[in-house]
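Since we're looking at a predicted model, the values are computed, not measured. A note on names: the letters A, B, ... follow the listed sequences, proteins ahead of strands, and every chain is numbered from 1.
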There are 2 protein chains.
Amino acid sequence: MSGIRAQQKEKTRRLIINAALNQLSAERSFSNLSLREVAKESGLAPTSFYRHFSDMDELGLTLVDEAGLTLRQLMRQARQRIEKGGSVIQISVLTFMEFIENNGNIFRLLLRERSGTSPAFRAAVNREISYFTLELCDYLQQANRLDAEIAYLQANAAVTIVFSAGSDALDADSKERELLSERTIHQLRFIARGAMELANRIENTKSEQT
Amino acid sequence: MSGIRAQQKEKTRRLIINAALNQLSAERSFSNLSLREVAKESGLAPTSFYRHFSDMDELGLTLVDEAGLTLRQLMRQARQRIEKGGSVIQISVLTFMEFIENNGNIFRLLLRERSGTSPAFRAAVNREISYFTLELCDYLQQANRLDAEIAYLQANAAVTIVFSAGSDALDADSKERELLSERTIHQLRFIARGAMELANRIENTKSEQT
DNA sequence: AATTTCAGTGTACAAGTGTAAGCTATTTTA
DNA sequence: TAAAATAGCTTACACTTGTACACTGAAATT
């Protein structure tokens, strides 16, 4: 049971996935990619596509998973850098901007499908982003000893701001990206500062009550 | 020169625009709308479309302008409500959520085309959003006597947060929307508070120097 | 009143789409 | 070793798409 067949199958499956990823660009979204084009780019006959995915939708969801994986790698990378010291916010933004530069098309996929026409796609992307948010939430809760709800609100706002900046970065040149990064860092500081302030106020209210 | 002809032409132009708007939905984006479908919905022969728009792109850009108009109406409405007293943040979020409920498809258009495949569309949407942001920026600068850069950062962050909440609201039921609104209000308070704090700090640094 | 302009029509075509059906060669199973 | 399973192929079909072309009748211009 060496599985020489299953092995080959997995190989061409990857071929299809990579073909699709390669066709994605600023001018080309997944939804205006046709089954035939993907098959051709993979060096396959159109109908062979069905041996691996029942649908373009199924391929698309696979790509979103793939993108989520890349996103989690990004987080790991950021965490490693942070452990070596430095401003958490600055390093996070820097790392994210690097990610955009290297994985623009994957990020575009997430951005586009998040507001796309398929409920399944939207749900899949939101799931990936919520993993991202919850990890940050845990970190904030632990590092800053924040109330759970406040930590969530901060994490959610921060992710929103960073993703939006990432979206803007896609159409920006390196000069503009620099400015964008600076501004994003400032905005994240607003949020962090505001969250701390309001968390303390609640704390004080509580102790006054006792 | 009564223009009975020009009048009729304008009429069917509106017919086309409305037909397109009517076909937009959660499951149907502008980009997967065909010229023929729009023509059919307008009660026109496919080729008659060209008498009014050279392209589906041209129609699309018109729709984005239309959406921008609606957005500015929204701002006016919010301003009126605010003048009658109440929390600025709360009223703004409330008004925006109402907008989403009544103009979901127009908002979807903006969301989708902002990350779409056409540079012209992306630019058009960003232009509309930047009007929105700059108006808020002016308001903040005047009402809170903030530094111009800080006011811009706050306005930009606020708009990002609100749009993102709007995007989530599109897939939410009324119960979830309530929660979403509350959270958004909190997040906007974080940002406002943080912006004030950091603005003051800069102010203090300046007076220490003198 | 004669001429020009033009919004809207119908027909036609080439190109692209998803996918059904059946075949082949090779691996896997019995 | 014989039989079954299956990844990939070719052919075929019914649709949809954008748009070129020629035409018509009514409005606008002269």
S.K.: Please list, chain by chain and in numerical order, all residues satisfying ring-ring contact (aromatic ring centres under 6.0 Å, His included) with B/F190, sequence neighbours excluded.
M.R.: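 Counting only residues at least two positions away or on another chain, B/F190 forms no ring-ring contact (aromatic ring centres under 6.0 Å, His included).
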S.K.: Decide yes or no for A/Q77 and A/R81: does some side-chain heavy atom of the first lie under 4.5 Å from some side-chain heavy atom of the second?
M.R.: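 Yes, at least one pair of side-chain atoms sits under 4.5 Å.
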S.K.: Can you confirm whether B/Q187 sits close enough to B/I191 that some side-chain heavy atom of one is under 4.5 Å from a side-chain heavy atom of the other?
M.R.: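 Not touching, per the 4.5 Å side-chain cut-off.
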S.K.: Provide, to the nearest angstrom, the distance between the CD atom belonging to B/Q8 and the P atom belonging to D/dG25.
M.R.: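 Interatomic distance, CD of B/Q8 to P of D/dG25: 18 Å.
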S.K.: Can you check whether B/Q90 reaches B/L94 side chain to side chain, under 4.5 Å on heavy atoms?
M.R.: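 Answer no - side chains too far apart.
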S.K.: Is any side-chain heavy atom of A/N32 less than 4.5 Å from a side-chain heavy atom of A/S29?
M.R.: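 Yes. Closest side-chain heavy atoms under 4.5 Å.
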S.K.: Could you list the donor-acceptor pairs under 3.5 angstrom formed between side-chain atoms of residues 67-75 of chain B and any protein atom two or more places apart in sequence or on another chain?
M.R.:
residue : atom : partner : partner atom : Å
B/T70   : OG1  : B/E66   : O            : 3.0
B/R72   : NH2  : B/E128  : OE1          : 2.6

S.K.: Are A/L136 and A/F132 packed together at the side-chain level, in the sense that at least one heavy-atom pair is separated by less than 4.5 angstrom?
M.R.: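 No, side chains not in contact.
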S.K.: Would you call the rings of A/F163 and A/F107 parallel, tilted or perpendicular, taking 30° and 60° as the class edges?
M.R.: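 Ring orientation of A/F163 relative to A/F107: tilted.
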S.K.: Starting at atom NZ of B/K40, determine the distance to atom C1' of D/dT16, rounded to an integer number of angstrom.
M.R.: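 Interatomic distance, NZ of B/K40 to C1' of D/dT16: 10 Å.
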S.K.: To the nearest Å, give me how far apart CD (B/E41) and P (D/dT16) are.
M.R.: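 Distance check: B/E41 CD to D/dT16 P gives 16 Å.
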S.K.: Considering only heavy atoms, which members of residues 11-19 of chain B lie under 4.0 Å from some atom of DNA chain D?
M.R.: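 Within residues 11-19 of chain B, no residue comes under 4.0 Å of DNA chain D.
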S.K.: Mind calculating the distance between NZ (A/K9) and P (D/dA5) to the nearest angstrom?
M.R.: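 Rounding to the nearest Å, NZ of A/K9 and P of D/dA5 are 15 Å apart.
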S.K.: Just so I know, are the side chains of A/L111 and A/L170 near enough to count as touching, which here means a heavy-atom distance under 4.5 Å?
M.R.: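 Contact flag for A/L111/A/L170 side chains = yes.
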S.K.: Where along residues 23-39 of chain A does a heavy atom fall under 4.0 Å from DNA chain D?
M.R.: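 Under 4.0 Å from DNA chain D: A/R36.
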S.K.: Rounding to an integer number of Å, can you tell me how far B/I4 CD1 sits from D/dA26 C1'?
M.R.: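 Nearest whole value for this atom pair: 9 Å.
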S.K.: Any donor-acceptor pair, under 3.5 Å, between the side chain of A/R5 and the base of D/dT6, if you only look at N and O atoms?
M.R.: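 A donor-acceptor contact between them is present.
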S.K.: Indicate yes or no: at least one non-hydrogen side-chain atom of B/F53 is less than 4.5 angstrom from one of B/L61.
M.R.: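 SC-SC contact between B/F53 and B/L61 ruled out.
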S.K.: Under 4.0 Å, heavy atom to any atom of DNA chain D: which of residues 42-59 of chain A qualify?
M.R.: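 Those residues whose heavy atoms fall under 4.0 Å from DNA chain D, taken from residues 42-59 of chain A in numerical order, are A/G43, A/L44, A/A45, A/T47, A/S48, A/R51, A/H52.
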S.K.: Using the salt bridge (Lys or Arg N to Asp or Glu O under 4.0 Å) rule, collect all pairs that involve residues 31-41 of chain A, keeping only residues at least two apart or in two chains.
M.R.: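 Only A/R28-A/E37 qualify under salt bridge (Lys or Arg N to Asp or Glu O under 4.0 Å).
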